[in-house]
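Report on one structure; see the data block that follows.
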Amino acid sequence: VSFPDSPSNEVASQVFEAIICCSSFVVVSHYNPDADAYGSSAAVALALRELGKRVVLVNESGIVERYRWMPGVGEVTNRFPDVAPECVIVCDCGALDRVGDSIKGAVVTSPRIINIDHHVSNEGFGSINLVEVGASSTSEVVFEVLSRQESCISPKVATCLLAGIYGDTGSFRYGSTTQKTFEVALELVKRGAVPHEIASHLFSQVSLAGTMLQSAALLEMQMHQGGTIAELIVPRSHYEKYGAIEEDTAVLCERARDIAGVIISVLIREDEGLWRVSLRTKDKDINLSEIAAAFGGGGHRAAAAFRWRKPLEELRSTLLPRLKEAVIAGSLSNASVPNR
Ligand SMILES: [Mn+2]
């Protein structure tokens, strides 16, 4: 499958040519990785190795257990190698900060950075920037690069990429899912990815402790603006209370968003010395990336995040009015949103 009409087709070719020229690589994705961060970076790493390259796969968060089944994830290290590679490939990072403080220093000194991403907020920090804002996932963009050579897409690589697409599209449910997404997915299935196995790993292996913690958070959920905004707060003490870990809360914001009538969900998680805030919407007219950017974060229209280092009450009194404004503006521009 080829995409002659894609505006970034030429850049994808540039990326492929640059890859051919170098012999040693670090491939890195954002800390607190999701299926797309791991999937896109691991796919690149495995494909490069197939081309005879030396590759180290790096993520500041190391190996997140729930994604260990993904090909390549078992070899992820949280340390940038001492010997600098010829090229660093950064996947799924809207900003270089997203690789994490302990990795960023080494990345910025690299003579060649290839930035492969789909975040609307991408800062263009690479020597080559393959940023496709219309793509469902970085995995979809990576496919565009790797599909230039038949041998690059092994069943393992196909599995990584399809997992990334499943993750970022919420199983092909979100507005970012396009005809091209399905075309790429079809191609990946032809190359050996098994959809039901990937879906089972991603969505049917939730931990019991995590489910208990999620239930506690949902019971305490606060609704605002006539049930259009759902707010969840997870205090740090709850992780210990339920024996859960931080990654167990990853899907909580989506669960709140998926409630009938909810337009925006916000998840506020306590971390050491800061609050981690996630935002989700199912209204295509609301741009959460803009709201998160106002708080120093970023992301996509439908899913964005930021960190807050001041008191919780100050966060709530600043953020909630902005979300209410967005809901009102969104419902004015989109008559299909029920007026509740
Ligand atoms: Mn992504």
Side-chain angles (χ1 to χ4, degrees), residues 6 8 11-12 15 27-45 57-61 64 66-67 70 72-73 76 89-100 114-126 129-146 157-178 180-182 184-185 188 193 198-199 201-203 247 250-251 253-254 257 267 276 278-281 287-289 292-293 297-306:
S6 168
S8 60
V11 187
V15 169
V27 185
V28 59
S29 55
H30 61 79
Y31 59 83
N32 295 327
D34 53 18
D36 189 35
Y38 271 151
S40 57
S41 57
V44 168
L57 189 51
V58 173
N59 190 291
E60 195 190 48
S61 302
V64 174
R66 63 184 288 246
Y67 296 114
M70 290 172 69
V73 168
V76 169
I89 302 179
V90 182
C91 294
D92 205 35
C93 295
L96 207 43
D97 287 346
R98 296 280 289 138
V99 299
I114 298 177
N115 167 14
I116 308 179
D117 188 35
H118 68 127
H119 290 85
V120 64
S121 53
N122 193 286
E123 292 170 348
F125 51 80
N129 300 290
L130 178 56
V131 180
E132 229 180 293
V133 170
S136 68
S137 53
T138 300
S139 296
E140 190 178 308
V141 184
V142 164
F143 176 83
E144 209 172 317
V145 176
L146 299 183
V157 168
T159 300
C160 286
L161 294 179
L162 190 56
I165 291 172
Y166 259 101
D168 263 26
T169 61
S171 307
F172 303 92
R173 286 180 301 145
Y174 302 156
S176 57
T177 309
T178 63
K180 184 170 155 186
T181 312
F182 281 104
V184 171
L188 294 171
I198 292 169
H201 278 297
L202 286 179
F203 307 116
E247 65 184 75
V251 297
C253 206
E254 278 94 27
R257 174 207 58 202
L267 169 65
R276 292 174 30 175
S278 304
L279 301 166
R280 298 288 183 273
T281 183
N287 187 352
L288 294 178
S289 172
H300 307 285
R301 291 183 68 89
F306 64 91

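We count ligands from 1, going down the list as the structure has it; atoms in each ligand are counted the same way.
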If you draw a sphere of radius 2.8 Å around the Mn ion (ligand 1), how many protein N/O/S atoms end up strictly inside it?
-> 4
For the student: nearest non-hydrogen atoms of D92 and S40, plus distance | CB-OG, 4.2 Å
Which residues satisfy the side chain to side chain donor-acceptor pair (under 3.5 Å) test with S171, sequence neighbours excluded?
-> none
With Y31 via ring-ring contact (aromatic ring centres under 6.0 Å, His included) - residues at least two apart | none
Quick note, salt bridge (charged side-chain N to carboxylate O under 4.0 Å, His left out) partners involving residues 162-178, not counting sequence neighbours, are R173-D258
Any chance the side chains of N122 and N115 put a donor and an acceptor closer than 3.5 Å?
-> yes
If you look at every heavy atom in A43 and C160, which pair is closest and at what distance?
-> CB-CB, 4.0 Å
